[in-house]
Amino acid sequence: MFPGSDSLSIAVESAKEQALRPLAEECAEALELDSRQLAEVENYLHDAWFFGVRTGHAVMVETKMGQSDPRPVILGMQDEFQELMERFGEALDTTVGATIQAWDYLGRAWIAGTRFSEVGITAPLTESRSEM
């Protein structure tokens, strides 16, 4: 185990919880979801958040920390997110309008994961360089 890995796990779980709990609650209220649908929302928000973490990491690695255009990286991952959205729509099993609204929450979870990835990767790099 790496030094500080417990604190990293705690930080990841805390950031995920802070990002996703309000989204799940807002989605459940706005769409008047039952408990089964809420469980699906929570699962898919979790998946979208981690997809965002992966996206942020891929962008930072493949663009050499922002030195080139991130669009090709993001577009290369677009099909995978589209599949996630389609599976979510099927699992939610609600009206087309509610599904489209729920996709907004999925996108917001993805963005939150991407932002966490940027901060989660950048902060340790900054700290390690400032210690040199």
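Residue numbers run from 1 in the order of the sequence given.
Side-chain atoms of Gln82 and Gln78 include no donor-acceptor pair closer than 3.5 Å.
Interatomic distance, CE of Met77 versus CG of Leu84, reported as 11.0 Å (0.5 Å rounding). For the atom pair OG (Ser117) and CZ (Phe50), the distance works out to 11.0 Å, reported to the nearest 0.5 Å. Interatomic distance, Glu17 CD to Ile10 CD1, rounded to the nearest 0.5 Å: 14.0 Å. To the nearest 0.5 angstrom, Gln101 atom CD is 5.0 Å from Leu31 atom CG. In this structure, OG1 in Thr94 is found 10.0 Å from CD in Glu32, a value given to the nearest 0.5 Å. Summarising the geometry, atom OG1 belonging to Thr55 is positioned 5.5 Å from atom CH2 belonging to Trp110; distances are rounded to the nearest 0.5 Å.
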Quick one, Leu45 with Tyr105, criterion side-chain contact (heavy atoms from CB on, under 4.5 Å). Give me CA distance, side-chain angles, the key distance, then yes/no. CA-CA 7 Å; Leu45 289 176; Tyr105 294 99; 4.1 Å; yes
Between Ile74 and Val59, is the side-chain contact (heavy atoms from CB on, under 4.5 Å) condition met? List the steps. CA-CA 7 Å; Ile74 295 168; Val59 165; 3.9 Å; yes
side-chain contact (heavy atoms from CB on, under 4.5 Å) evaluation trace for Thr95 with Thr99: CA-CA 6 Å; Thr95 65; Thr99 299; 5.9 Å; no
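Closest approach of Ala28 to Leu38, counting heavy atoms only: CB-CD1, 3.7 Å. Contact detail for Leu92 and Ala102: the closest heavy-atom pair is CD2-CB, 3.5 Å. Residue Ser68 comes nearest to Glu62 through the heavy atom pair OG-O, 4.0 Å, listed as atom of the first residue, atom of the second, then distance.
Note on Phe116: it clusters hydrophobically with Ile111, by side-chain heavy-atom contacts below 4.5 Å among ILVMFWY residues. Note: the hydrophobic cluster containing Phe81 does not contain Leu75 (ILVMFWY, side chain heavy atoms under 4.5 Å, direct or indirect links).
Ion pair Glu26/Arg108 flagged as a salt bridge, since at least one NZ, NE, NH1 or NH2 atom sits closer than 4.0 Å to an Asp/Glu carboxylate oxygen. Salt bridge present: Lys16 and Glu13 bring a charged side-chain N and a carboxylate O closer than 4.0 Å.
Between the Glu40 side chain and the Ala91 main chain, no donor and acceptor come within less than 3.5 Å of each other. Checking side-chain atoms of Arg54 against main-chain N and O of Gly113 turns up no donor-acceptor pair under 3.5 Å. A donor-acceptor pair under 3.5 Å is absent between the side-chain atoms of Thr114 and the main chain of Val53, judged by distance alone.
Under the 4.5 Å side-chain criterion, counting only non-hydrogen atoms from C-beta, Leu106 is in contact with Met85. Proximity of Thr63 to Asp69: side-chain heavy atoms (C-beta onward) are nowhere separated by under 4.5 Å.
Ring-centre distance between Phe88 and Trp103: not below the 6.0 Å cut-off.
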